[in-house]
Protein chains: 2
Amino acid sequence: MRRKLTPRGRERRDQLMECGARLFAERGYHPTSVADVVAALGVGKGVFYWYFASKEELLTELLKASNHDLRKRQQQAIGEEADPVRRIELGIRASLAWFAEHREYFAIIQFAATDETFAPVLARNREIAIADTIRHLKDGIVDGRIADRDPALLAHAIHGVVAELTRHSLVEGNLPLDEVADLCVAFCLEGLAG
Amino acid sequence: MRRKLTPRGRERRDQLMECGARLFAERGYHPTSVADVVAALGVGKGVFYWYFASKEELLTELLKASNHDLRKRQQQAIGEEADPVRRIELGIRASLAWFAEHREYFAIIQFAATDETFAPVLARNREIAIADTIRHLKDGIVDGRIADRDPALLAHAIHGVVAELTRHSLVEGNLPLDEVADLCVAFCLEGLAG
DNA sequence: GCCGCACTTGACCGCGCGGTCAACATTCTC
DNA sequence: GAGAATGTTGACCGCGCGGTCAAGTGCGGC
């Protein structure tokens, strides 16, 4: 693992991350060996350890990069919107849209959440996302637009809906993003009663 | 692996499953070796392979047994209830109650869902549970008590809420079951608007 | 022209894994 | 109490893993 990377080196690193993401998503982290990753790229094993200290580090970097990207997308979507309920809706839609474009990351994140080694990173990422949602919820509760219940639990409920609809409808199924997003937003705002 | 088991044998098998469940939940499936399982019980490795054909089989049996138990609990809870909305509520409460009592299974199920080898078993279990929910939802839609939206997506939304609240509030946190269940039911039935 | 650094190679290492098995112990059956 | 069936032992096996490294390649700067 080296610090200084030339443009050529940065490209290799990106190739390894892309390749790793694909294989981890397809077969899972443990069943994918470092040998598999470098073989898929047609290079020697040493290349991997030139860019990453370990297999663990590759996954950690993938998790960091994907979370960074997702958050950027959410923040851009919410922008300057003042209405807290609308902010929640825009956040939900941005998450679904991002996962629709990066389906391969879903399985990776899902796995990482169950692994002692990576769970801390994931937990931190999730806490930040939840904290964002809680802020909007509290604003909505003050406005009287949202029922006065524990905002932390409500935030987790929303994230649960988003996660499961992402998995079922976007990753496994291939339903139109807009329809899924509309239902997701409607369910979160009005429940089954609608 | 043997078919005929005396009472003594059945007890050993149960010990191995309990032990495996605990270790898989604590450290994860891959990082837990068969040697760890038998060591925790203080017996030789051969014992494991007398009762199970492989490590995979142990996990598969754990998944089957837990699913069977959870379903039994749900069916007992729903009983003869006629109101479809109430049936959904009772199902939600039964699921949360079961997981509150069997927290160790949550991590195992979560992992199995991300592993190529076990995903099929989990997918089948989930499909059955979803199908149950869909039946109640359709009844509710006919009655006009539930909004006329895609019942499959609604069912997944509900399961997403239950799963995430289970994870956060019951498994990681340790919140009172009743409070979590009340909020979960309220969110599913009425959404944030309440 | 050549030095040095970024980068690549692939044989190799040690380890711990899942799984096997011959021998042995205990318990049932008649 | 003989013999079969059930249950137990732990040394052993082969393998493939994550990771190392001495050697080599090719490019940019001087």
Side-chain angles (χ1 to χ4, degrees), chain A residues 1-24 26-63 108 111-112 115-118, chain B residues 1-24 26-63 108 111-112 114-118 121:
Chain A
M1 182 218 181
R2 276 283 157 264
R3 299 106 205 277
K4 293 296 181 76
L5 293 183
T6 64
R8 179 185 162 205
R10 251 173 274 132
E11 198 184 333
R12 257 282 188 272
R13 200 186 134 97
D14 288 348
Q15 286 174 355
L16 284 165
M17 286 183 70
E18 194 188 312
C19 214
R22 215 186 60 240
L23 292 175
F24 288 165
E26 281 171 10
R27 318 189 203 168
Y29 174 76
H30 286 295
T32 301
S33 68
V34 174
D36 290 337
V37 176
V38 295
L41 224 65
V43 298
K45 211 173 181 181
V47 171
F48 184 93
Y49 289 95
W50 180 259
Y51 295 99
F52 298 97
S54 64
K55 188 184 164 187
E56 272 187 26
E57 195 190 81
L58 170 59
L59 180 49
T60 305
E61 291 297 309
L62 283 172
L63 294 175
I108 298 173
F111 158 76
D115 187 289
E116 223 190 358
T117 317
F118 307 106
Chain B
M1 181 215 183
R2 276 283 158 263
R3 299 106 206 276
K4 293 295 180 79
L5 293 183
T6 65
R8 177 184 164 207
R10 250 173 275 132
E11 197 184 335
R12 258 280 188 271
R13 200 185 133 97
D14 288 348
Q15 286 174 355
L16 284 165
M17 286 183 70
E18 193 188 313
C19 213
R22 214 186 62 239
L23 292 175
F24 288 166
E26 281 171 9
R27 318 189 200 168
Y29 174 77
H30 286 296
T32 301
S33 68
V34 174
D36 291 336
V37 176
V38 294
L41 224 65
V43 298
K45 211 173 180 181
V47 172
F48 184 93
Y49 289 96
W50 179 258
Y51 295 99
F52 298 96
S54 64
K55 187 183 163 187
E56 272 187 26
E57 195 189 81
L58 171 59
L59 181 48
T60 305
E61 292 298 308
L62 283 172
L63 295 175
I108 298 172
F111 159 76
T114 73
D115 188 289
E116 224 191 356
T117 316
F118 308 106
V121 184

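Each chain gets a letter, A, B and so on, in the order the sequences are listed, and its residues count up from 1.
Residue Tyr51(A) places at least one side-chain N or O closer than 4.0 Å to OP1 or OP2 of dT8(C). Note on Trp50(B): every side-chain N or O is 4.0 Å or more away from OP1 and OP2 of dT8(D). Residue Thr6(B) has a polar side-chain atom (N or O) positioned under 4.0 Å from OP1 or OP2 of dG7(D).
Residues forming a side-chain hydrogen bond (donor to acceptor under 3.5 Å, both in side chains) with Thr117(A) (at least two apart in sequence, or on another chain): Asp115(A). Judged as a salt bridge (charged side-chain N to carboxylate O under 4.0 Å, His left out), and not counting sequence neighbours, Arg8(A) has no contacts.
How far CZ of Phe48(B) is from CD of Glu57(B): 8.0 Å, rounded to the nearest 0.5 Å.
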Indicate every side-chain donor-acceptor pair of residues 11-22 of chain B with a distance under 3.5 Å to a residue at least two apart or in another chain.
| residue | atom | partner | partner atom | Å |
| --- | --- | --- | --- | --- |
| Arg12(B) | NH1 | Gln15(B) | OE1 | 2.7 |
| Arg13(B) | NH2 | Glu61(B) | OE1 | 3.1 |

Would you tabulate the nitrogen or oxygen pairs shorter than 3.5 Å linking the protein to nucleotides 26-30 of chain D?
none

Please tabulate the protein-to-nucleotide N/O contacts below 3.5 Å involving nucleotides 9-12 of chain C, giving atom names and distances.
| residue | atom | partner | partner atom | Å |
| --- | --- | --- | --- | --- |
| dT9(C) | OP2 | Gly44(A) | N | 2.6 |
| dG10(C) | N7 | Lys45(A) | N | 3.4 |
| dG10(C) | O6 | Gly46(A) | N | 3.1 |

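Residues Val37(A) and Leu23(A) share a closest heavy-atom pair of CA-CD1, 3.7 Å. The two residues Phe24(B) and Lys55(B) make their nearest non-hydrogen contact at CE2-CE, 4.3 Å.
For residues 34-44 of chain A, the side chain to side chain donor-acceptor pair (under 3.5 Å) pairs, not counting sequence neighbours, are Arg27(A)-Asp36(A), Ser33(A)-Asp36(A).
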